[in-house]
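Since the structure comes first, as structure tokens, the remarks are kept for the end.
Chain identifiers are assigned alphabetically (A, B, ...) following the order of the sequence lines, protein sequences preceding nucleic acid strands; residue numbering begins at 1 within each chain.
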Protein chains: 2
Amino acid sequence: MARPPKERQFANLPELIKDAAWRQITQSGASSLSLRGIARDLGITAPAIYNYFPDRDALVTSLIADAYASFGDCQLAARDAFAGQGKELDRLRATGLAYRRWALDHPHRYLLIFGNPVPGYEPPMEELLPVMMRSLGALVGTIAELHALGRLETGRLPLPLIDTDHRFFSLLENADEGMLAVYAISIAVWCRVHGLVSLEITGQLPLFGEDGAALYRFELDAICRQFIRSPEDDTGVIPRTGTVREP
Amino acid sequence: MARPPKERQFANLPELIKDAAWRQITQSGASSLSLRGIARDLGITAPAIYNYFPDRDALVTSLIADAYASFGDCQLAARDAFAGQGKELDRLRATGLAYRRWALDHPHRYLLIFGNPVPGYEPPMEELLPVMMRSLGALVGTIAELHALGRLETGRLPLPLIDTDHRFFSLLENADEGMLAVYAISIAVWCRVHGLVSLEITGQLPLFGEDGAALYRFELDAICRQFIRSPEDDTGVIPRTGTVREP
DNA sequence: TGTTGATTTATACAGTGTAAATTTATACTG
DNA sequence: CAGTATAAATTTACACTGTATAAATCAACA
């Protein structure tokens with residue numbers, strides 16, 4: 001035996017590589033990420049990177065995981081800023097506003113995880129699923145709380161197909177089989193905010209300029225009006241904790 | 001003088017190049033488009049392509065223009081399937097349904113024009129604007145018709161900032177200065193359908209599987225209920241979705 | 001036949017990824 | 001404790017694919 005793997009000639013080289021990768025992505029976008037460029041930036045040679053990431057895709061996967069972690073931190077922090085009963089709607093709006101805020105602050109991270117997939121790159125779900133679940137947990141958890149209070153209004157919203165592969169939500173906190181409405185509304189909400197945010201980030205949202213915030217607030221209001229009942233608007237559903245009732 | 005430029009050694013080579021490019025894009029995605037691959041496909045050499053397209057971006061621009069033309073054809077055809085007064089809502093729904101239909105039928109074309117921009121590629125607006133205007137004209141024109149009938153319900157929808165660069169809508173048919181509400185609603189509608197469709201196309205819409213159609217129809221309904229007054233309802237009150245429960 | 005457009009050949013440069021050679025630091029041995 | 005074997009870390013060299021340009025070649029017509 002000789003030389004344990006702990007001792008590296010450059011300390012923290014994997015982290016340095018990822019830092020350089022983010023710098024490069026911020027400058028020129030994700031799909032122009034180049035291992036040789038990273039190596040140049042770090043003063044090493046390109047093949048050295050292959051000791052820590054077997055190929056370019058592995059590096060991308062690691063960056064995606066970091067982006068999800070950052071996104072999840074913001075989502076959970078926004079939710080936890082309004083703790084306590086009676087603040088469920090505040091939590092929902094906070095996660096919604098934090099979604100756009102984080103996306104504007106980190107557009108490349110956003111596009112990396114929610115943008116169009118890079119052709120040729122197949123994200124390894126077994127690795128990314130936990131951090132995806134955590135990041136979406138703030139929204140879904142809050143919707144679930146509103147559901148437990150009987151304040152969800154699904155209307156004609158079609159429910160998810162129970163028999164399909166529901167990998168995305170099977171690991172969510174508080175997840176159980178009776179929360180199809182929660183999932184359905186979560187998906188619908190996500191679709192709406194994603195449409196706005198992705199267009200704004202990529203500069204395809206015309207006319208609103210700096211005031212994309214106003215349109216976004218309008219859409220958050222529309223979402224709340226459409227899907228969330230106010231607590232005093234009691235239509236006969238008894239708010240219950242513990243037991244989940246299907247509408 | 002000798003040899004007029006009409007006589008090419010391969011007839012229609014620009015069209016053949018674009019056909020091969022679409023084949024390649026359909027197979028492997030837009031960002032892996034390779035001039036050498038096209039040349040291989042056509043049995044010519046790569047530099048020959050540079051006679052017709054000065055660089056890779058010029059070829060991409062041409063493909064984008066074709067995609068907009070195809071998209072516009074579908075939008076206008078869908079609108080014109082419900083001609084005549086009194087069918088404005090049918091026209092709106094038809095363009096909405098055609099939007100998703102076309103996107104599912106031509107996902108790569110959709111991503112090329114509405115997806116995340118390819119880093120390093122700057123779309124030449126002076127060339128693409130007319131075909132963009134034409135393709136969006138079906139939606140905006142129909143919204144404008146509903147506006148002329150007094151059936152638009154803007155609510156708290158923020159209006160576009162008039163003083164910003166409104167290149168996108170300045171060329172639209174029936175465009176005049178008084179149609180800010182038309183533009184605002186068109187943008188809001190586009191954001192919503194784009195969110196759903198782009199997620200569905202890229203396989204990021206979980207759980208709904210083949211039934212993304214149901215969620216899409218639900219969203220079209222929500223759009224119509226929120227923004228369009230029915231002709232006999234001249235009170236300005238929109239029926240709230242949250243007040244009626246499903247049986 | 002000369003002119004000129006169309007195409008190919010040759011070349012420069014950048015990128016991914018692999019195999020072999022090399023450096024470097026540790027651990028074992030005499 | 002010195003010397004050496006060893007394995008990790010890194011570099012060099014290479015094979016391949018890509019974009020793009022310049023020069024050479026080919027083809028058709030006046």
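The side chain of Ala48(B) has dT8(C) as its nearest neighbour among dG18(D), dT8(C), dA20(D). Distances were taken from every side-chain heavy atom of Ser34(B) (C-beta onward) to each of dA13(D), dG18(D), dT8(C); the shortest belongs to dG18(D).
As a whole-Å value, the separation of Ile44(A) CD1 from dA9(D) P is 13 Å. When rounded to the nearest whole Å, the span between CG of Asn51(A) and C1' of dT23(C) equals 13 Å. In this structure, Leu42(B) atom CG and dT8(C) atom P are separated by 11 Å, rounded to whole Å. The distance from atom CZ of Arg56(B) to atom C1' of dG15(C) is 13 Å, rounded to the nearest whole Å. Atom P of nucleotide dA22(D) and atom OH of Tyr50(B) are separated by 12 Å, given to the nearest angstrom. Spacing between atom CG of Leu16(B) and atom P of dT7(C) amounts to 11 Å, rounded to whole angstrom units. Rounded to whole angstrom, the span from the CG atom of Leu59(B) across to the P atom of dG18(D) amounts to 15 Å. Atom pair Ile17(B):CD1 and dT7(C):C1' shows a separation of 12 Å (rounding to whole Å applied).
Between Arg100(B) and Gly212(B), the closest heavy-atom pair is NH2-C, 3.6 Å. The heavy-atom pair separating Ala69(A) from Val131(A) by the smallest distance is N-CG2, 3.7 Å.
Between Trp190(B) and Phe114(B), the gap from one ring centroid to the other is short of 6.0 Å.
Put simply, Thr45(A) has no side-chain N or O that comes within less than 4.0 Å of OP1 or OP2 on dT10(D). At least one side-chain nitrogen or oxygen of Tyr52(A) sits closer than 4.0 Å to the OP1 or OP2 atom of dT10(D).
Between the Tyr216(B) side chain and the Gly96(B) main chain, a donor and an acceptor come within less than 3.5 Å of each other.
Residues Tyr110(A) and His194(A) are in side-chain contact: their nearest non-hydrogen atoms beyond the backbone lie under 4.5 Å apart.
Summary of the strand contacts: Pro54(A) and Arg40(A) both lie near DNA chain C, and taking for each the nucleotide with the nearest heavy atom, the more 5' one is attributed to Arg40(A).
Leu33(A) comes within 4.0 angstrom of the backbone, heavy atoms only, and of no base.
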